[in-house]
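Here's the structure, in structure tokens; my notes come after.
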Amino acid sequence: SIGVGCPQFMRGRQEWPEHCSQDIVYPSLVAGIMRGGVNAYGRPGCGQADATTRNNIRFQLGCWEMQHNPYGMSEEGELEAITEFAHVQKMKDADDAVKRYAESDQADNHKLWYS
């Protein structure tokens, strides 16, 4: 059915009625419905790991897009990505990520996993 699970304020807006992506809905809520009455932190889209605070502390990813997955978009590739995110949750800093991936085919992707 049309716009399943999508809030009514999205009717007629971007992606309606086929999708209801969180990286589209939340910024629409903050800017359109709340009219800037609430703070929004970080980047509005998925997979954008370059947002930082005023103190240059990087925000964690708000969401992940599988089309950026270096393991591929197959079920196996997606499970690999989920496993990597589970590993990085236990890391204390970016140096741990560099060490983990140094001798692997993911060496160039340590910032992708640990952000």
Side-chain angles (χ1 to χ4, degrees):
S1 71
I2 295 176
V4 174
C6 207
Q8 277 301 119
F9 67 81
M10 289 303 292
R11 181 179 295 278
R13 295 182 185 213
Q14 185 177 358
E15 292 193 342
W16 183 274
E18 290 83 21
H19 306 287
C20 194
S21 306
Q22 70 180 22
D23 59 324
I24 301 297
V25 173
Y26 292 159
S28 297
L29 175 65
V30 170
I33 303 303
M34 304 300 289
R35 292 182 179 80
V38 295
N39 293 325
Y41 301 97
R43 298 272 188 251
C46 291
Q48 301 179 43
D50 59 346
T52 58
T53 66
R54 281 181 269 190
N55 298 328
N56 208 31
I57 298 169
R58 189 186 311 214
F59 285 106
Q60 293 181 336
L61 286 174
C63 53
W64 170 260
E65 294 177 320
M66 279 297 174
Q67 52 268 46
H68 296 290
N69 183 5
Y71 291 114
M73 291 176 49
S74 66
E75 182 178 352
E76 293 81 17
E78 290 179 1
L79 288 172
E80 286 287 335
I82 292 166
T83 300
E84 290 309 317
F85 282 121
H87 285 297
V88 299
Q89 293 297 311
K90 299 172 189 161
M91 295 179 183
K92 64 179 182 194
D93 57 30
D95 289 339
D96 281 355
V98 171
K99 290 175 194 168
R100 173 173 171 75
Y101 301 113
E103 302 298 322
S104 76
D105 62 349
Q106 294 297 309
D108 293 336
N109 293 323
H110 71 276
K111 287 183 181 177
L112 176 70
W113 299 117
Y114 188 90
S115 59

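Keep in mind that this is a model prediction, so the values were computed, not measured.
Residues passing the side chain to side chain donor-acceptor pair (under 3.5 Å) test with N109, sequence neighbours excluded: Q106. Residues that satisfy the side-chain contact (heavy atoms from CB on, under 4.5 Å) test with F9, not counting sequence neighbours, are P7, V25, S28, L29, I33. For Q67, the side-chain contact (heavy atoms from CB on, under 4.5 Å) criterion is met by E65, M73, not counting sequence neighbours. Q14 meets the side-chain contact (heavy atoms from CB on, under 4.5 Å) test with I24; sequence neighbours excluded. Scored by the side chain to side chain donor-acceptor pair (under 3.5 Å) test, E80 finds no partners at all (sequence neighbours excluded). Shown here are the side-chain contact (heavy atoms from CB on, under 4.5 Å) partners of A97, two or more places apart in sequence or in another chain: M91, Y101, H110, Y114. Residues satisfying the side chain to side chain donor-acceptor pair (under 3.5 Å) criterion with E78, sequence neighbours excluded, are absent altogether.
Note that OH of Y71 and CG of D105 are 5.5 Å apart. Values are rounded to the nearest 0.5 Å.
Residues in residues 84-103 take part in these salt bridge (charged side-chain N to carboxylate O under 4.0 Å, His left out) pairs, two or more places apart or across chains: E84-R100.
A distance-only check finds no donor-acceptor pair linking the side chain of N55 to the backbone of I57 [under 3.5 Å].
One hydrophobic cluster, built from ILVMFWY side chains closer than 4.5 Å, cannot hold both V98 and V88; they sit in different ones.
A pairwise comparison of heavy atoms in M66 and A81 identifies CE-CB, 4.2 Å as the closest pair.
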